[in-house]
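Some notes on the structure that comes next.
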Amino acid sequence: KPKVIVIGAGIAGIASAIRLSVKGYEVSVFEAGSKPGGKLAELRVNGFRFDAGPSLFTMPQYVDELFQLAGKNSNDYFEYIRLKEICRYFYEDGLRLTAKADLNAFAREIETKTESTAAEVEKFLKKSATIYDVTHKVFLERTLHKLKSYLHWDTLKSVFRFGQIDAFRTQQEANNSFFKDARIAQLFNRYATYNGSNPYQAPATLNVIPHFEYHFGAYLPKNGMYGIVSGLVKLAEDLGVKFHYNQKVEEIRYTSGRKPKVQNVMVNDKIHPAEVVISNLDIWFTYKNLLKDITQPKKLISQERSSSALIFYWGMDGNYSDLGLHNIFFAADYQQEFNSIWKDKTISNDPTVYINISSKHLRTDAPLDSENWFVMINVPANNGQDWDQLIQQARANIIKKISRILNRNIAKDIVCEQILDPRSIESKTGSYQGSLYGNSSNNQFAAFLRHPNFSSKVKNLFFCGGSVHPGGGIPLALLSAKIVSDCVDEVV
Ligand code: FAD
């Protein structure tokens, strides 16, 4: 059997290992950390369990597909529920909205409480579905970097419909024209942050994202987000994949000559031979640390990075009945918040705050009469800002904002705290500048400016994960694994 080495046990590395193992390859995964999952990590403090990274699970079919390919019953590994309520929104002017999964109910609530109408919501989501229709096969499910991808009939059809993807105005411009009420435009602008972008700069094509949530649904794994990792690692191990933890790969080695080909990887000065190597690392560090002698594709790897995050994990004493699983407390001036992040590279004094409370559904995630709050704001990627000072200021502003809107002093309920910031995201997960999603999607060409899933310099070297095509977030990272496994088949 041809030997494959996957570097990194992030979600895309694990999924690549499963796909290739199903195809009959002998797969080993080398992970620098002591556990699998990368950004998809969990944290346990004083009786509280937190999902440390992603908190929203969409497109579960991409996970299910891995169990199907392996001929296994997914329920033996991993279970999840479809959420009836997607998110609660809180505005500074007192408006509160609950986004129900039942779209008619949500549209009616918008019509009742705001200047916008149910018809506006319907029209917007129809557009969102059209963008998905035109883009998903071309931009998400295939490599953009091989001629053959462009010879498919559905690619050609998409090319003819290119005008429909709304690429030539910003998301804010589009949403301003869809919705009479600026607060509803703001609600849908927020989806740009799902891949770390700025709605005042990013093309309105990003309006495809609400389709993922409102059409395909929002979900919660029964064991928390980390359950995705545990389930997939168990599947991989059952298929014979070997995981090696605390094994930081130092170099990818290849033959010399005109057509270099992958030979082995170096870990702790030991050589591990492989016919195929797949790097799940951030592409920036793959070039900087593991492929030092290769000319770097500077233009591709130096694109603007997506935003990062500042997260407070708070164990809270008490129950907050106003809050649900996902909650958003909007900034009063959204544009000013994005200017702070993208122009001034700092944190605004009134950031939009996201609070995820998994214990609302998973009771064992917090002690009795307590809740586990994952409190996150979007912040710029790390460029050496004075984070200690910014964190202190942001913490005070967040506490003031939530206490004001909920009319309750939340500070006194915080019984334990952990913090994750751009510096620790970079050091813990190897994400350049602590960005959450690789490159930003702040311009129309972003999809074409992500690194391909294969190397054009070294034969049998491939790349998966959020920093390469098709982009960041769990669903896209899983798709990168699918593209890689298709590409491997073509050359080995
Ligand atoms: P990564 O998770 O980046 O893992 C890479 C792995 O490589 C790590 O385990 C690392 O230790 C390992 N590694 C690095 N260097 C080496 C080396 N030299 N040798 C061996 N191993 C090495 N996505 C969503 O879909 N929904 C969300 O709600 C969401 N929220 C997020 C919130 C936060 C705070 C963060 C941080 C991310 C969030 N994301 C979300 C994004 C999502 O987590 C990522 O897009 C996805 O997990 C990236 O997976 P990946 O396969 O690229 O690997």
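Atoms within each ligand, like the ligands themselves, are counted from 1 in listed order. Values below: all heavy atoms of this structure, side chains included; hydrogens, waters and symmetry mates excluded.
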Neighbouring protein residues of ligand 1 - any heavy atom closer than 4.0 Å =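 Near ligand 1, by chain and number: I7, G8, G10, I11, A12, F30, E31, A32, G37, G38, K39, G53, P54, S55, L56, Q247, K248, V249, N280, L281, I311, T429, L436, Y437, G465, G466, G472, G473, I474, P475.
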message = Distance check, rounded to the nearest 0.5 Å: S308 atom OG versus N378 atom CG?
response =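 Taking OG in S308 and CG in N378, the distance rounds to 9.0 Å.
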message = Let me confirm one number: the CZ-OG distance from F338 to S348, rounded to the nearest 0.5 Å.
response =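 Interatomic distance, F338 CZ to S348 OG, rounded to 0.5 Å: 10.0 Å.
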Distance-only side-chain donor-acceptor flag, R19 / S485, under 3.5 Å =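 There is no such pair (donor and acceptor under 3.5 Å, judged by atom type) between the side chains of R19 and S485.
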query = Which of these, Y80, F212, Y62, sits in a ring pair (Phe, Tyr, Trp, His ring centres under 6.0 Å) with F57?
reply =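 The residue from Y80, F212, Y62 that satisfies ring pair (Phe, Tyr, Trp, His ring centres under 6.0 Å) with F57 turns out to be Y80.
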request  = Scan F330, Y320, F329 and name whichever one has a ring pair (Phe, Tyr, Trp, His ring centres under 6.0 Å) with F90.
outcome  =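 Passing option: F329.
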With sequence neighbours excluded, residues passing side-chain hydrogen bond (donor to acceptor under 3.5 Å, both in side chains) with S55 =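 With neighbours one apart ignored, the set is Y354.
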